[in-house]
Amino acid sequence: MTQDAIIETRGLVRRFGGFAAVDGVDLTVARNSVHALIGPNGAGKTTVFNLVSKFLDPSEGQIFYNGRDITNTKPADVARQGMVRSFQISAIFGRMTVAENVRIALQRPTGLSFSFWRADSVLDNLADRVDELLDSVGLLDWRDRPAAGLSYGRKRALEFATTMALDPELMLLDEPMAGLGQQDVVRISELIAEQAKNRTILMVEHNLSVVAELADRITVLARGKILAEGDYKSIAADPAVIEAYIGDDID
Amino acid sequence: MTELLGVPPALLFGQVLIGLINGLFYAMMSMGVAIIFGMLRIGNFVHGAQYMLGAFGAWFLASLPQLFPGLGLPSLGYWWALILVPPAVAAIGALTERLFIRKVYDLEHAYGLLLTVGLAFVIEGLFNVKFGAAGQQYGVPDALKGGVNLGFMFLPIYRVWVIVAALVVCIATWVVIERTRLGAYLRAATENPDLVRAFGINVPRMLMLTYAFGVGLAGLTGVMAAPIYQVSPQMGQSVIVIIFAIVVIGGMGSIAGAIVSGIGLGIIEGLTKVFWPEASSTVIFICMALVLILRPQGLFGKDTSAHSGADITTARRESILENGRLWIPVLAIVGIVLPYLVYPVFAMKILCFALFACAYNLVFGYLGLLAFGHAAFFGAAAYGAAHIAAVWGWSPELAILGGTALATAIGALFGWLAIRRQGLYFAMITLALAQIVSFYAVQAEWTHGEDGIQSVPRGKLFGLIDLNDTMTMYFFVLTVFLLCFAFIYRLLRSPFGQVLRAIRDNNQRTVSLGYSADRFKLVAFTISAMLAGVAGGMKAIVFQIASLTDVHFMTSADALLMTLIGGVGTILGPVVGAAIVVTLQREFAEFGAWVIVVQGAAFVLCVLFLRQGVVGTAESWLGRRAERRREAELGAPAAEPKEEAAQ
Ligand SMILES: Nc1ncnc2c1ncn2[C@@H]1O[C@H](COP(=O)(O)OP(=O)(O)OP(=O)(O)O)[C@@H](O)[C@H]1O
Ligand SMILES: [Mg+2]
């Protein structure tokens, strides 16, 4: 095993029916790096995310997290060990207020979550941290609104704040920029760069300028297989990558 | 060869034969339910009643001269029935789809199940009113009379015919679904309905025909079953629960799964009758539990990804209607006045059922889990408490606690099994598991079968306070109710309650934050079972009886109806709903068999016209008003900041 790999997959395969959405992926993510996973639509990027975060079980292969085999670990356990993911479609708790969304993440490490006999005012001491996190994504003014009413860009920001609240060792971000306006893209990019200072980030992203700016290393996925890997320059110059993308456009 | 495995071969083969026939019937009906479920996402609870319609159709055709004397109508026999009845039942199915089922496609799955439960009650209830519970005989057609003596057993020809015909139907259906273009569309539609819409197929018609086809299969099964079983209004009632269990065992969207599990379980059931008769009525449900442990997705099923629970409440947390600090005192005052306005015994009944419905609402309303077997907890606690008080002679509070402990244990076990599956499956599983408790109560000695445990002493509370005095009993019940209500309110506003809200909103996201969602659901489910147990135990002491009604499926349906009428996911809804339903039941009690029709109609009407329930409707009105007021304060749609307005 590579010394400083936080994630390593070996021969990862996931089939749906007869079709292999992920087909023998050996992916290594270095600790404290920003690693981007790119590729045409349907390449299997989200499926890799689902496998690594244990939301799907692999048909074949193994997954190591910090050198431990997590192939048979439950998703919630993986999350408690410090790997927290976001979803391609923004995942928030629509009925809860913006502040409650963040608080539910902060609540988890407190060990109070099974206390059904206590009033939830025991969580009031988390309020300062909630405000701090909301402020960092520019949502403080919305703290008491139902999350469902936020604009799409703000929902993504809220999801990001909720993920940050857990202070994860490894963040998996599935297309954090999808559907965002230019202003929001800049804001979230800055946040990701900020967060990357003391943790590892694995992200799927279609916006290549964002990838160029943020990622230390890039893996290109096509038809479930790794097509190329390297830094942005070498990837951008790789004829196979160019063909995969152009081929996709022609389809 | 006189004995085989210690039993006479005639008995063994006879039961295997019956098992095979039952199994084929199960297979035919499960296919229908699986197809309807796969395509329409409707848990077609009315399938049992539609099967009954098929059998009655056959009987009806044969009895035309007796039913309409003077019209000179001929008696149409079995073959006519075989040709005429299935299409007729299918046509009724198409009409049902057009009038009712279609209205709920776009709603939460829960409503489809509730609607079909209501329709089943109405149909079965009406037949019960007209024909009574007793069965009608339907003769074997002349051409198929008699049998062959195989030496070790007698083989009736009609049964051979049924086996052959049913196998042909199963195989033909399998071929159509798995091997033809039509079937390919159907399967594609199951996996991705939008895709099929994009193909330009007339989806509404396709759905209607699919439903009609599934229902027609039930009708055909009914005709074929008529000469073997008594034709009675209830004949579909127990079958539907078995069919649901088989669909769970077979696995989602799998025709082969339905056929193989149907036949297999029929035979297992037959064999159980030979070797362990007491278990024969529950063996299918026990098999289902085993499958859930070993292969949760079902024998032939693909794995299903988790999705969020049903979200059918509109209650705002900050609403005045959700404010327990206000409503607990109000309920206390109403509770104190109530026994002076209505009979105290009637008031106690309302309180017991209100608590039961509140317990149910905890999982259905606040967690979005469509549980359908809470009678098991209510009834188990009733029997437990009755036994402890009557046989062991313990004081009433210990009896209730004992009953509650029993309900809690069963709740933990059932929850542990059922939480492996989501959505409609959860309903089917809890329903089937509850059936085990129900059958157990019929058979066990200590529950005294049809009689139940009678003359339960109310005894002295803590050995001091005599509960035989009605008012004393009443205030004890009121106190317990208020304590439990306050407990639920606290739970909903605890850190635990916050996690439950998150799970209902977005199960996956909650998991990704590191919460083992299933464990939280299990704890909530167990607490709900416990509170249902308190209600059941108390009911046994108040009415001094525990009976089969308490564990019966109808009691589960009552909890659901009360919650629905009152308002799902509101704190007051179940209380209001219980008051309404208990009152209705009393008002209609004198009409006997009509009660069930009324209750079924209430289900249907609620699903179609009053989905939010009484309290829920008031709540949405208040919610809209609050929204308008906020907009007026902020200046219309000022939700977005200026920087973006400028964009
Ligand atoms: N649950 C599933 N069942 C069946 N097929 C699936 C499932 N999930 C993904 N697939 C298929 O696997 C392939 C890869 O999907 P995936 O979502 O991983 O792609 P992606 O690279 O994330 O694409 P995008 O850029 O569009 O998000 C697709 O062809 C998709 O249809
Ligand atoms: Mg994707």
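Side chains are part of it too, since the values below use all heavy atoms of this structure and drop only hydrogens, waters and symmetry mates. Every chain is numbered from 1, with letters handed out A, B, ... down the list of sequences. Bear in mind that the values here come from a model prediction, so they are computed numbers and not experimental data.
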Per-residue contact mode, B:Val523 against chain A (heavy atom under 4.5 angstrom): side chain

Check: A:Asp120 and B:Pro495 side chains under 4.5 Å, non-hydrogen atoms: yes

B:Asn506 side, atom CG; A:Ile104 side, atom CD1 - distance, nearest 0.5 Å: 12.0 Å

Choice from A:Ser86, A:Ala79, A:Ser113 maximising heavy atom contacts with chain B below 4.5 Å: A:Ser113

Residue A:Leu166 versus chain B: region with a heavy atom under 4.5 Å: side chain

Closest heavy-atom pair and its distance - B:Ser494, A:Arg118: CB-O, 2.8 Å

Validation row: A:Pro146, B:Arg316 side chains within 4.5 angstrom (heavy atoms): no

Interface moiety of A:Thr162 toward chain B, non-hydrogen atoms closer than 4.5 Å: both

Polar contact flag, side-chain donor to acceptor under 3.5 angstrom, A:Thr163-B:Arg509: yes

Close side-chain approach of A:Phe55 and B:Val511, heavy atoms under 4.5 Å: yes

Side chain, backbone, both or neither of A:Phe87 within contact of chain B (heavy atoms, under 4.5 Å): side chain

B:Phe496 vs A:Trp117 side-chain heavy atoms within contact, under 4.5 Å: no

Between A:Pro109, A:Ala148, A:Ala91, the one whose heavy-atom pairs under 4.5 Å with chain B are most numerous: A:Ala91

Contact check, side chains of B:Tyr515 and A:Gln107, non-hydrogen atoms, under 4.5 Å: yes

Under 4.5 Å from any heavy atom of chain B - which part of A:Val122: side chain

Pick from A:Ala119, A:Ser121, A:Gly94, A:Gly153 with the largest number of heavy-atom pairs that fall under 4.5 Å of chain B: A:Ala119

Approximate separation, where rounding is to 0.5 Å, of A:Glu100 CD and B:Gln498 CD: 5.0 Å

Polar side chain donor-acceptor pair, A:Thr97 to B:Arg317, under 3.5 angstrom: no

Spacing of B:Ile503 atom CD1 and A:Phe93 atom CZ [to the nearest 0.5 Å]: 9.0 Å

Chain B contact via A:Ser53 - which portion, at a heavy-atom distance below 4.5 Å: neither

Most contacts with chain A, counted as non-hydrogen pairs under 4.5 angstrom, among B:Leu491, B:Asp518, B:Leu513: B:Leu513

Chain B contact via A:Leu172 - which portion, at a heavy-atom distance below 4.5 Å: neither

B:Ile293 atom CD1, over 12 foreign heavy atoms within 6.0 Å: yes

A:Phe114 and B:Phe520 aromatic ring geometry - parallel, tilted or perpendicular at 30°/60° bounds: parallel

Within 6.0 Å of CG in B:Leu483, more than 12 heavy atoms from elsewhere: yes

Residue, of A:Gln81, A:Met96, A:Arg85, that accumulates the most heavy atom pairs under 4.5 Å with chain B: A:Met96

Heavy-atom proximity to chain A below 4.5 Å, by part of B:Ile527: side chain

